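See below for the structure under consideration.
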Amino acid sequence: MSKKAFIFDLDGVIVDTAKYHFHAWKKLANSIGVDFTEEENEQLKGVSRVKSLEKILLWGNKSISEEEFAELMTLKNDDYLSYVNKMDESDVLPGVKEVLDQLTALNIPIALGSASKNAPTILKKVKLDKVFKSVVDGNSVKKAKPNPEVFLKAAEQLGVSPKDCIVFEDSQAGVKAANIASMVSVGIGDKNILHEANYVFEDFTKISSNFINELLKK
Ligand code: BG6
Ligand code: MG
């Protein structure tokens, strides 16, 4: 049995911010005459801010100047932050604290692996900023998921081999990234959407302490 580590995505895994991203992108897209469905929104999950706007423009067949691009990114983020600013500890998704507490009690290293540049702000808001031994987020990676850079960097910082890392992810891009990194992928959400994950749970309340213990034994 080798030393294991757990890597958590943030948006849609630890907190329900995936819905805020969706609302903010939809409002912004609509303001420039583009619309997209909830199904298409799956392609925006786990994807960086820049890549998300590129996809939306592609869907709407729009081309804009660099200045407009930067302006739209700011508008989206300001709108998104208006939701984030209202968050507190109660916004940590059900069952997440229990898993974090179990791992902390066992002295298992845990990292955050998120595409978001807002990750440090959100962790502070929900009072989880002291829990992660390593935080790798949109401010420290160059390549967006499904590129495995974010997870490989987290594994390196924790000093654990990628194959001994277990990743919790709600996005197709993130599950792909974990798989490419040869990590164990645990999807949080719909098993039809996250079918590439090694395991899928609807949410953290469905993850038993036994399941965590089994992963630790592998
Ligand atoms: C990911 C979200 O975690 O972070 C994406 O799933 C989001 O929807 C991305 O676009 C970047 O987030 P932010 O907060 O830097 O705009
Ligand atoms: Mg996510």
Side-chain angles (χ1 to χ4, degrees), residues 6-29 36-59 69-87 91-93 96 111-126 128-129 132 135-151 153-154 166-179 181 183 185-190 193-194 196-197 200-204:
F6 284 69
I7 307 174
F8 291 72
D9 172 48
L10 177 66
D11 298 314
V13 167
I14 292 177
V15 284
D16 203 5
T17 40
K19 68 176 182 221
Y20 303 150
H21 278 295
F22 176 54
H23 290 314
W25 277 131
K26 202 167 166 75
K27 191 163 141 194
L28 181 100
F36 60 90
T37 63
E38 225 171 316
E39 203 184 328
E40 284 168 314
N41 182 59
E42 289 302 324
Q43 295 179 44
L44 302 183
K45 287 187 181 170
V47 167
S48 68
R49 204 180 302 168
V50 171
K51 283 260 181 304
S52 299
L53 183 53
E54 282 172 2
K55 272 182 198 273
I56 290 168
L57 293 172
L58 205 67
W59 291 336
F69 193 99
E71 228 169 80
L72 292 179
M73 293 240 296
T74 305
L75 277 176
K76 187 269 172 179
N77 199 49
D78 288 349
D79 190 26
Y80 175 67
L81 285 177
S82 71
Y83 298 108
V84 166
N85 286 332
K86 294 189 196 101
M87 291 174 76
D91 288 291
V92 175
L93 282 165
V96 172
L112 191 87
S114 165
S116 173
K117 293 191 169 173
N118 294 305
T121 309
I122 294 173
L123 287 182
K124 265 202 202 94
K125 290 242 71 129
V126 300
L128 287 180
D129 51 320
F132 298 92
V135 172
V136 185
D137 60 32
N139 302 295
S140 48
V141 292
K142 287 194 188 68
K143 298 175 195 133
K145 299 171 188 174
N147 188 291
E149 183 188 8
V150 59
F151 296 143
K153 216 167 176 175
I166 297 110
V167 173
F168 293 109
E169 254 297 342
D170 71 313
S171 71
Q172 291 173 331
V175 165
K176 272 201 171 75
N179 291 345
M183 299 180 174
S185 52
V186 183
I188 304 294
D190 185 331
I193 293 171
L194 303 173
E196 287 184 32
V200 181
F201 294 92
E202 207 178 309
D203 58 52
F204 272 86

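All ligand and atom numbering here is 1-based and tracks the order in the structure. Being a predicted model, the structure only gives us computed values, none of them experimental.
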Task: Short N/O/S contact of Asp11 with the Mg ion (ligand 2) (below 2.8 Å) - done: yes
Open item on the list: Looking at every heavy atom in both Ser140 and Lys153, which two are closest together, and how far apart are they?
Closed with: O-NZ, 2.7 Å
Task: Candidate with minimal heavy-atom separation from atom 8 (O) of ligand 1, of Asn118, Leu44, Thr121 - done: Leu44
Open item on the list: Given Leu10, Asp11, Val47, identify the one with the heavy atom nearest to atom 5 (C) of ligand 1.
Closed with: Val47
- [ ] Would you indicate whether the side-chain heavy atoms of Leu93 and Val13 approach each other to under 4.5 Å?
- [x] no
Task: Beyond-backbone contact of Ile56 with Leu44, side-chain heavy atoms, under 4.5 angstrom - done: yes
Close N or O approach ([X], ligand 1; < 3.5 Å):
{"X": "Tyr80", "result": "no"}
{"X": "Asp9", "result": "no"}
{"X": "Lys117", "result": "yes"}

Open item on the list: Quick check on contacts: which atoms of ligand 1 are under 4.0 angstrom from a heavy atom of Lys45?
Closed with: 6 (O)
Open item on the list: Would the distance check show the side chain of Gln172 and the main-chain N or O of Gln43 forming a donor-acceptor pair, the cut-off being under 3.5 Å?
Closed with: no
TODO: Write out the residue and atom name of the closest protein heavy atom to atom 6 (O) of ligand 1, then the distance separating them to 0.1 Å.
DONE: Gly46 N, 2.7 Å
Task: Within reach of ligand 1, part of Ser52 (heavy-atom separation under 4.0 Å) - done: side chain
